[in-house]
Amino acid sequence: MAKYVYFFGGGKAEGKSEMKNLLGGKGANLAEMANLGLPVPPGFTITTEVCTLYYRNKGKYPAELKKQVEDNLKKTERIMEKKFGDPKDPLLVSVRSGARASMPGMMETILNVGLAPSTIPGLIAKTNNPRFVYDAYRRLIMMYSDVVMEKAAGIEPAGEQGIRKQLEAIMHQMKEKKGVKLDTELTADDLKELAAQFKARVLKVLGKPFPDEPMDQLWGSVSAVFQSWNGRRAVEYRRIERIPDEWGTAVTVQTMVFGNTGETSATGVGFTRDPATGRNIFYGEWLPNAQGEDVVAGIRTPLPVNEAGKTAHTKGLTSLEKAMPAAYKQLNAIQQKLEKHYRDMLDIEFTIEEGRLFMLQCRVGKRNGVAAVKIAVDMGLEKLIKPEEAVLRVKADALVQCLLPMVDPKAERESKPLAKGLPAGPGGAHGMVVFTADEAARRGKELHEKVILVRTETSPEDVHGMHAAQAILTAKGGMTSHAALVARGWGKCCIVGCSGIAVDMDRKVLKAGGKEIAEGAWITLNGTSGTVYEGKLPLVDPDLRNNKDFRQFMKWVDSFRKLGVRTNADTPQDARKALEFGAEGIGLFRTEHMFYGEGADRPLFLLRKMIASSTLEERRKALDELYPFMKADMKATMEAMQGHPVTIRTLDPPLHEFVPKDTARLEELARALNISMEELQKRAEGLHETNPMMGHRGVRLGVTYPEVTEYQVRAILEAAAEVALDKKVKNVLPEIMIPVTCAKSELDDQKKIIDRVVEEVKAKYKLKKLDYLIGTMIELPRAALTADKMAETAEFFSFGTNDLTQMTFGFSRDDIGSFVPEYLKKKLLPEDPFQSLDQEGVGQLIRMGIDRGRSTRAKLKVGICGEHGGDYESVKFCHRVGMNYVSCSPFRVPIARLAAAHAALEEKKSK
Ligand code: ADP
Ligand code: MG
Ligand code: MG
């Protein structure tokens, strides 16, 4: 018989933490904690398989399920010495959702199931605490009517019309009538009356009575949790997080313990280390006399769990450590034990009932990128994990976050903060204020504007807008609030609990520091300190050189990787930036970049003169004038690279790209060449091509105008000779790279020119020896197919995967905007092949190119210099096919290093 239900409790469990796929994360970890002998209220988990079957069979359960649930309920009752639905001493349960991957707040949980007119008097008699019983009952009605009777029934009322909102409004009225502020100030009678009002409203709005039968409540809750897997926000969240729809959720039914019986009871959440900074302290929040989501929902301001975690904002509040020292001590010991056991930073949930501690959840905690690196490094140094593991634990996205911009400290010092809140997501961000998730999505995603979503608090309904925003700012909520959790997962800048601000939704203004800030106005957030500024403060790059954790981490990364990492750099500034990021050379220096940007006017003019020349003599004259610029450019870059190799690509783009379009410039050019405008026009037209991408470019320019190659090579070699003679830089090694080749004969043709120039340069500088390499880009399928021949001449290959992808797919790089998005939407392509290397197709050409190339030249040096050289998955592929290095933009260098280390470690593991 298939086993659909797994028990836990009484010091042991049928499940364990490895069984997440079957039991969901929550169920598996509850089982693990029970096995560790921790105080976990007993219960059982219905597997994710049942969820799948439930959907496959249109809402019907497998026949055996009912009996298995009943048996497990009996087991629970035996341990608790109470019976579910017993009028004298009823057992109450929670019905909890739990998928394989955590989806904070996306699915549903119902507490206090089993409270009904038949069981209420018994529980009151047993506990002697009517206030607690009616508080639990009104909570049950709120959750159940919302989750089971409305959401799971597919009713989607607009805006504030949902049943939960309506019941909250009734509760609010009750508080006003009684002249109290907090939920906890309502008396037993108030709550009893409230429950009656709730039930009446539920009947009126939903047309069905609230179920008075405990068993009906239980099965209604179980089905609703399964239904919530396909709720709108859960589906949306899965899409963003790329969680497969097929996984399904498990359902855990667990004995209730109560944090809401009075001042000796409490509920809370914590992290075994600070998830915002990674600091090694137990970090958490709690509330006395509270239940379930009270802490997270921001209904009351949560209190700090201990003294160590207090901040400037929370220093006046009472910690659990002070309020309930015995329970805190036990909790602290448990969190330490759990972290040692799991060997990772954990997120835990607990409840204290009349001084007795219970553990309700644990899972590997979400953390931002900065914290991820710090925790990995600390745990490595503490010997809790090996350096290998530390490296594998940090994902590429997390590392990206460490490189994120922050608010310019200088600008910050000069600005007066508007407000301060809790630093929930680090880094800096600026953007225009928006107040609704829909507006954030519209302006952020569709109009590509920078917006900051400002809310009193966020709810799972806001996820799409939070994703589209640069940052999130909330007036309420703590470090474990919904906004904080979600932002942390995405590495988004986020400030919560910013009590100095107020959001006026009717007038669409943000009030802070005596000012009113309208929708669309700029604000700036420092998510690392929790400070909000008015206006648009500049953002700057972080200071990696003084980040000890980052440096230690990258040291470990480099100790494992085999693949070299170079950079694509065209200027000495880029080169220096890349060196700082750990680049080991330049894999692509594009000669043509000296014709763009600052200081490019004169060289560009001379290049145009060269292009518009019609005779060899004219061309040589123009090249003579251009030459000093070329050489100076090469020299500056070689000096900046301090002896690391530099791959210089000869002129690549089609020439007509450089022909000026405006008349003033054309006239200037005509004058310089001493020809008429008509003549110049004619020459420009002669350069026109129908399909320039496949036209007169790359090596073809060098074949038709050998002097163009000659001058470039001379500039490269003379620069190298002078830098070497200067003796400031050792090991100068220029690598001359010929682009867009498709035949060995082209390379031989160019090599003749290069050989001649080499001799001339040697003679000029009286050198016996001149170090350089000749290689080629492999960016046309024919070059890959004939790589064995190409390698007879080429000493290195660099796969130009932008063009290679273009030529293999036959997709014009410049025109994919009109069709690739549709391909992605229809899932005809798994990913944009220009962003993530198409390993299945283009990858075959690469593999073949490398193998064939090395069949003639065993030591052939092979790299990649397309955009893919900085893409995590693509870099791992480059490792697997045995490349020597990847080359990517400076900012991606650390990511490429990490990917290379991950690939090497994964290979080691698989052996
Ligand atoms: P989520 O997946 O949204 O975190 P949970 O299933 O963890 O949902 O439930 C939310 C909260 O409800 C928990 O943090 C806990 O405080 C409370 N809760 C759940 N089950 C119980 C229980 N058996 N006894 C007491 N509180 C519970
Ligand atoms: Mg939880
Ligand atoms: Mg190319």
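Atoms within each ligand, like the ligands themselves, are counted from 1 in listed order. Side chains are part of it too, since the values below use all heavy atoms of this structure and drop only hydrogens, waters and symmetry mates. The structure presented is a predicted model; accordingly, all values stated were derived computationally and were not measured.
- Looking at L111 against ligand 1, only its side chain comes within 4.0 Å, counting heavy atoms.
- Between Y6 and F44, the distance from one ring center to the other does not fall under 6.0 angstrom.
- Counting the atoms of ligand 1 from 1 in the order shown, those under 4.0 Å from a heavy atom of K26 are 1 (P), 2 (O), 5 (P), 6 (O), 7 (O), 8 (O).
- Protein N/O/S atoms closer to the Mg ion (ligand 2) than 2.8 Å number 3 in this structure.
- Note that R238 lies in the cation-pi zone of W229, set by a 6.0 Å cut-off to the ring centre and a 45° limit from the axis.
- In summary, the side chains of Y137 and N112 do not present any donor paired with an acceptor at a separation below 3.5 Å, with no hydrogens or angles considered.
- Residue, atom and distance of the protein heavy atom nearest to atom 23 (N) of ligand 1 are T255 O, 2.9 Å.
- Close approach of ligand 1 to T109 is summarised as follows: ligand atoms under 4.0 Å from at least one heavy atom of the residue are 5 (P), 6 (O), 8 (O), 9 (O).
- Atoms of ligand 1 found under 4.0 Å from any heavy atom of Q361, numbered from 1 in the order shown, are 4 (O), 7 (O).
- In terms of N/O distances under 3.5 Å, ligand 1 is not approached by R363.
- In terms of protein heavy-atom proximity, atom 3 (O) of ligand 1 is nearest to E293 OE2, 3.7 Å.
- With a 4.0 Å cut-off on non-hydrogen atoms, V257 touches ligand 1 through its backbone as well as its side chain.
- Residues forming a side chain to side chain donor-acceptor pair (under 3.5 Å) with T264 (at least two apart in sequence, or on another chain): none.
- Using 4.0 Å as the threshold, E108 has no heavy atom nearer than that to any atom of ligand 1.
- Sorted by first then second residue, the side chain to side chain donor-acceptor pair (under 3.5 Å) pairs that include residues 41-50, not counting sequence neighbours, are T45-T252.
- What sits closest to atom 16 (O) of ligand 1 on the protein, heavy atoms only, is G292 CA, 3.3 Å.
- Nearest non-hydrogen protein atom to atom 13 (C) of ligand 1 is E349 OE1, 3.1 Å.
- Between F258 and F132, the angle of the ring planes goes over 60°, which puts this pair in the perpendicular group of the 30/60° scheme.
- For N306 and Y283, the side-chain atoms include no donor-acceptor pair closer than 3.5 Å.
- Under the side chain to side chain donor-acceptor pair (under 3.5 Å) test applied with D135, the options T184, N260, N289, N129 reduce to a single match, N260.
- With no hydrogens or angles considered, a side-chain donor-acceptor pair links E339 and T272 at under 3.5 Å.
- Nearest to atom 20 (N) of ligand 1 among the protein's heavy atoms is S94 OG, 2.9 Å.
- The nearest protein atom to atom 26 (N) of ligand 1, hydrogens excluded, is given as L360 CD1, 3.3 Å; this is a heavy-atom distance.
- No close placement of the F350 and F358 rings is indicated, their centers lying 6.0 Å or farther apart.
- Seen from the ring of F7, K75 counts as a face-on cation partner, given the 6.0 Å and 45° thresholds.
- By the side chain to side chain donor-acceptor pair (under 3.5 Å) test, S319 is found to be paired with E307, residues two or more places apart in sequence or in another chain being considered.
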